[in-house]
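Bear in mind that the values here come from a model prediction, so they are computed numbers and not experimental data. Residue indices begin at 1 and follow the sequence shown.
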Amino acid sequence: MSLYKRKDSPYWWVKLSVAGQKPIQHSTGTTDKQAAKEYEAKRLNELWQQTRLGIAPKYIWEQAVIRYLHEMQHNKSRDCDIRHFRWLSTHLEGKYLNDINRTLIERVTTARKKVGASNATVNRCMGLVSRVLHKAAFEWDWLDKAVKVRKLAEPKERLRFITYDEAARLISELPLHLAAMVKFSLATGLRKSNVTGLLWSQVNLVNRMAWVPADKAKGGKAIPVPLSTEAMDILRNERFKHATHVFSYRGNTVNQTNGKAWRAALKRAGIADFRWHDLRHTWASWQAQNGMSLLFLKELGGWADFDMVQKYAHLSPSHLAEQVERVSGMIETGKGKLATNQLRHA
C-alpha cells in the first residue's frame with residue numbers, strides 16, 4: 001500500500017495490492033493527503049470484501065478509460081478522444097462509475113461550456129462519456145445501467161462556397177505550393193488531410209486515377225478519385241519535387257495550410273469567412289450546380305451517409321427536372337391515350 005504523486009496530476013494516487021490480485025493504481029481524486037489516506041483505507045476494505053466475501057467489484061473512471069482506449073486503439077478519433085479524456089479527468093478522476101449520475105454529468109457539461117467550448121464540442125466530449133458508460137453497462141457488466149447524457153442543440157452545418165471568379169482570385173494570391181493544393185482540392189473535393197497526405201503510391205497517372213485508402217478516409221471506406229485533365233496537369237507539375245508526397249514545399253511535406261499565407265491571400269482576394277474545408281463545399285456545390293446527381297456526388301465525395309449530401313440538393317434542381325421530363329408528352333402518345341381511355345372507362 002502506498003500513496004504517491006504524479007507529475008501529470010494534482011491529486012494523490014494510490015497503489016493497492018491484495019494477495020492473489022494484480023496491483024491497482026489510480027487517482028484518489030483529492031489533493032489532501034489525509035483525505036487520500038482515508039480513501040486508500042476505504043478502497044482496501046472494498047478489495048478485501050470483493051476477494052474474500054465475493055461482493056461485486058466497483059470500478060472507477062480511470063479503469064474504464066484505460067479499457068475503452070485499449071479496445072478502441074484503432075479508432076480514427078483516438079487522438080481526439082485522448083484530448084477529451086485529459087480534460088474530463090479533472091472532473092471524473094477517482095469517481096466510481098456508479099456515482100457518475102445525471103447531476104454530475106450536468107456539472108461536467110456546464111464546466112465544458114464555461115471554458116468556451118461550442119455545443120458541438122461539448123456534445124463530442126460528453127458523447128465520449130456516454131460511450132464509455134454504455135460499454136461499462138452493456139458490454140463489460142461493470143454497471144447495472146448507464147446514465148443518459150443530454151445532447152445540446154447544435155446549429156446546422158454552414159454551407160460556404162465561392163464562385164469561379166473568387167477561386168481564381170484566391171489562387172492568384174497564394175504561394176505556388178498552396179495554389180497547387182487549392183486547385184487540386186477544387187478539382188477532386190478531397191479533404192485537407194487527404195491532400196496534404198497524398199502519396200505518389202496512391203496515384204496512377206496512366207489510368208488517370210488516385211485513391212484514398214480506407215485507413216485514411218474519414219468514413220472508413222476507400223475513396224476512388226477520378227482525375228480530370230486539370231487534376232492531371234497539377235500532378236504532372238508536382239512530379240519529382242518529393243520522393244513520397246505529391247505536395248511539398250522546399251523539399252518538405254506540407255502539414256499546415258491555413259496559416260498566415262492563406263489568411264493574407266484571402267484578404268487580398270477580398271474573400272471573407274472562408275476556411276480551407278470550404279474548398280470541399282465549393283467542389284460539391286460546383287458539381288451539383290453543373291448537374292451531377294447526388295448519388296454520384298456521395299460516391300465521389302466519400303460520404304458514408306446520403307444525408308451528408310442532402311445539403312447540396314437545392315443547388316441541383318436539374319435532377320428533379322429530369323424526372324419530370326420523363327413523363328412529359330405521355331398524354332399525346334399511344335401509352336398516354338391508353339391510360340386516358342382506361343381512366344375514362346374505369
Under 4.5 Å between any side-chain heavy atoms of L143 and L133, yes or no? yes

Is it the case that over 12 heavy atoms from other parts of the model lie below 6.0 angstrom from the NZ atom of K192? yes

Test of understanding: clusters of I, L, V, M, F, W, Y form through side-chain heavy atoms closer than 4.5 Å, transitively. Do F161 and V195 belong to the same one? no

Is the count of non-hydrogen atoms from other residues, nucleotides or ligands lying under 6.0 Å from R102 atom CZ greater than 12? no

Over 12 non-hydrogen atoms of neighbours within 6.0 angstrom of NZ in K95: no

Does N101, at its CG atom, have more than 12 non-hydrogen atoms belonging to other residues, nucleotides or ligands within less than 6.0 Å? yes

Cut-off 3.5 Å, side chains only: do K113 and N119 have a donor facing an acceptor? yes

Can you establish whether the number of heavy atoms outside H242 located under 6.0 Å from its atom NE2 is more than 12? yes

With distance as the sole test, does T282 use its side chain to make a donor-acceptor pair with the main-chain N or O of I162 at under 3.5 Å? yes

More than 12 heavy atoms of other groups within 6.0 Å of E106 CD: yes

How about T196 and T253: do any of their side-chain heavy atoms sit closer than 4.5 Å? no

For W283, run the side chain to side chain contact (heavy atoms under 4.5 Å, CB included) check against T188, L300, L190 and tell me which one passes. L300

Between R280 and W303, is NZ or CZ placed under 6.0 angstrom from the six-membered ring centre and within 45° of the ring axis? yes

L92 and L69: same hydrophobic cluster, using ILVMFWY side-chain contacts below 4.5 Å? yes

Check whether more than 12 heavy atoms from other residues, nucleotides or ligands sit under 6.0 Å from atom CZ of F296, and answer yes or no. no

Answer yes or no: are there more than 12 heavy-atom neighbours, outside K221 itself, under 6.0 Å from its atom NZ? no

Charged N to carboxylate O below 4.0 Å: is that the case for E71 and R67? yes

Between W140 and Q63: side-chain donor-acceptor atoms closer than 3.5 Å: no

